[in-house]
Amino acid sequence: MAKLKVGILISGRGSNMAALIRAAASPGYPAEIACVISNVADAPGLPIAAGAGIATAVISHKDHPDRESFDRAVSAIFEEHGVELVALAGFLRILSRWFPGRWAGRLVNIHPSLLPAFKGLHAAQQALAAGVRVSGCTVHLVTPDLDAGPIIAQAAVPVLPDDTEETLSARILRQEHRLYPLVVRWFAEGRVAATGRGVTVKGIPSGGTLLFSPEP
Ligand code: GRF
């Protein structure tokens with residue numbers, strides 16, 4: 001069966017992108033990474049993708065008069081590569097309203113908190129400041145509102161008494177690297193369906209809405 005073609009947008013180190021590339025390298029995985037685009041020319045993730053033989057591109061907002069024209073340029077490159085699912089992976093630029101419309105139901109993001117708590121930057125620091133005992137990560141469909149689209153799956157981690165932003169972020173990141181490839185697999189297997197209330201994941205006992213995921 002043809003593999004689902006995934007396009008990834010990054011701005012930085014690209015560890016989630018690398019996790020998706022690693023997953024896609026295993027023979028039975030039903031998706032392939034067709035193209036990686038960065039809005040930052042020296043993003044450390046770019047050489048990782050290129051080194052894996054994946055097509056890469058840099059699109060700078062400086063070359064575009066407004067957000068939508070930037071987003072249309074990104075889309076055009078994904079279309080050239082036959083992309084069917086777009087995954088944001090540490091992409092730090094706010095999208096125009098046009099982009100989530102163009103990729104409706106086929107645009108996902110990973111965020112380092114149990115949304116809807118702690119949207120935006122420094123999610124681990126926000127969790128520590130709030131004193132929560134559990135945090136985690138969320139993969140969700142992207143809508144025009146920041147970090148607010150329907151939740152597809154979540155993985156939870158404990159917040160430990162002596163955690164710093166670094167230690168908690170690292171614990172969450174290890175779960176991100178498990179969760180994102182799993183959700184992309186679900187898309188490739190045609191399990192993810194938008195419903196009136198949000199998203200259901202067919203054939204997954206938890207429904208995909210909450211995944212308690214102890215570290216191996
Ligand atoms: C991750 O924590 C992700 O959840 C957030 O940005 C960070 C990106 O890290 N959206 P990386 O570039 O994937 O290493």
Side-chain angles (χ1 to χ4, degrees), residues 6-25 31 33 35-52 54 56-59 74 85-95 99-100 103 107-130 132 134-159 163-185 187 208 210-211 213 215:
V6 179
I8 302 178
L9 272 167
I10 63 168
S11 298
R13 72 187 161 183
S15 73
N16 278 289
M17 172 210 75
L20 290 169
I21 291 173
R22 270 196 306 277
I33 311 307
C35 175
V36 171
I37 300 177
S38 172
N39 65 320
V40 175
D42 58 357
L46 278 175
I48 298 173
I54 293 164
T56 62
V58 175
I59 302 193
V74 168
L85 175 73
V86 174
L88 307 183
F91 182 63
L92 294 176
R93 194 172 158 74
I94 292 172
L95 296 161
F99 197 83
W103 295 95
L107 175 61
V108 288
N109 181 43
I110 188 155
H111 182 78
S113 75
L114 295 177
L115 290 172
F118 316 133
K119 295 175 181 173
L121 294 174
H122 298 289
Q125 186 54 46
Q126 293 184 55
L128 290 173
V132 295
V134 175
S135 191
C137 53
T138 303
V139 178
H140 62 96
L141 286 173
V142 175
T143 59
D145 299 318
L146 185 71
D147 298 332
I151 291 168
I152 303 167
Q154 295 181 308
V157 304
V159 179
D163 264 336
T164 61
E165 182 175 12
E166 288 70 35
T167 59
L168 179 56
S169 296
R171 190 175 308 118
I172 293 170
L173 193 64
R174 288 195 290 278
Q175 295 302 320
E176 294 183 40
H177 296 164
R178 300 174 72 191
L179 193 66
Y180 220 179
L182 185 61
V183 171
V184 169
R185 169 186 282 281
F187 267 93
L210 182 67
L211 178 73
S213 192
E215 296 197 342

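Whatever order the structure lists them in is the order used to number ligands and atoms, beginning at 1. In this text the structure is predicted, and so the values were computed from the model without any measurement.
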For a quick test of your reading: what N or O donor-acceptor pairs under 3.5 Å do the side chains of residues 85-94 make, sequence neighbours left out?
none

Item to complete: Using modelled atom types only, decide if a donor and an acceptor are shared between the side chain of S169 and the backbone of E166 within a distance under 3.5 Å.
Response: no
Worksheet item: Quick one: does N16's side chain get under 4.5 Å of H177's, heavy atoms only?
Response: yes
Worksheet item: Is there a donor-acceptor pair closer than 3.5 Å between any side-chain N or O of S38 and the backbone N or O of L46?
Response: no
Discussion item. Donor-acceptor check, side chain of H111 to backbone of P116, threshold 3.5 angstrom: yes or no?
Written reply: no
Identify all N/O pairs between ligand 1 and the protein with a separation under 3.5 Å and present them as a table of atom names and distances.
unit_1   : atom_1 : unit_2 : atom_2 : d
ligand 1 : 2 (O)  : E176   : OE1    : 3.3
ligand 1 : 2 (O)  : E176   : OE2    : 3.1
ligand 1 : 4 (O)  : I110   : O      : 3.3
ligand 1 : 4 (O)  : E176   : OE1    : 2.6
ligand 1 : 4 (O)  : E176   : OE2    : 3.4
ligand 1 : 9 (O)  : R13    : NE     : 3.4
ligand 1 : 9 (O)  : R13    : NH2    : 3.2
ligand 1 : 10 (N) : I110   : O      : 2.9
ligand 1 : 12 (O) : G14    : N      : 2.9
ligand 1 : 13 (O) : S15    : N      : 3.3
ligand 1 : 13 (O) : N16    : N      : 2.8
ligand 1 : 13 (O) : N16    : ND2    : 3.0
ligand 1 : 14 (O) : R13    : NE     : 2.4
ligand 1 : 14 (O) : R13    : NH2    : 3.4
ligand 1 : 14 (O) : S15    : N      : 2.8
ligand 1 : 14 (O) : S15    : OG     : 2.5

Worksheet item: Taking C-beta and beyond as the side chain, do P158 and R171 meet within less than 4.5 Å on heavy atoms?
Response: yes
